[in-house]
Amino acid sequence: MSCHVERPLDDDAWARFDALQERRPGGFDVIALVRPPDPAYGEDEERWLERARRAAARAPFGLHTHWTSPTHARPSGGDPADRVLREVAWLRERGLEPAFFCGGGWYSDDAVRAAVRGAGLVDCTVRGGQPSTGTLPTTHSLGALARAVVRPLPGYVHAYFHDYDLLDAGRRLPLAAALALLGRRARPLPQS
Ligand SMILES: [Zn+2]
């Protein structure tokens, strides 16, 4: 289970995410794939760090790069791999060690994949397929998860949602119900 934390500085979205990660519905860790603050858009680094450290202390932590802006995930110029490496370095300088990566808007390219691998992060950007060394593909959206949990389960499930999904009770409650049901039916992947 992972959450694309798109609005880490939105108090309401953060409070919902924080509560869900703490509660661990279904017994699952929720990987926080967090978008770093973008000073070009006036985002507050100190408050961001406080929240990211809290999430990282509790569950697996990862980087969710938005290449263009807080609301425009995919690249529109520049060197995408370079931005990933700069964000990893920025996190590490502040004592945060990302273990996972997911490209904003599911963007990736050969150089980004090489940068992620070189930095030692597990890549969640791949949609579908089986986990392998260095990748933990994302397989289910919220809607797909809600349908999957009432059927014979596939061998591997990695569902994702966005922090802002939690602001909508029509999405938050089905998510909690699906996770509770999945928790009763699933076994975690063996640690290898
Ligand atoms: Zn995003």
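Each ligand, and each atom within it, is numbered from 1 in the order the structure gives. All values reported here derive from a predicted model rather than from experimental measurement.
A salt bridge links R83 with E87: at least one charged nitrogen is closer than 4.0 Å to a carboxylate oxygen. Ionic pairing of R16 and D12 is not present here: no N-O contact between side-chain nitrogen and carboxylate oxygen is shorter than 4.0 angstrom.
Note that the CG atom of D11 and the CG atom of D18 stand 11.5 Å from one another [nearest 0.5 Å].
In this pair, Y160 and W106 present their aromatic rings perpendicular. The plane angle is above 60°, beyond the 30 to 60° band.
When all heavy atoms of D163 and C3 are compared, the pair lying nearest together is N-SG, 3.5 Å. When all heavy atoms of T135 and V122 are compared, the pair lying nearest together is C-CG1, 3.9 Å.
Taking distances strictly below 2.8 Å, the protein N/O/S atoms close to the Zn ion (ligand 1) are E6 OE1, E6 OE2, H64 NE2, H66 NE2.
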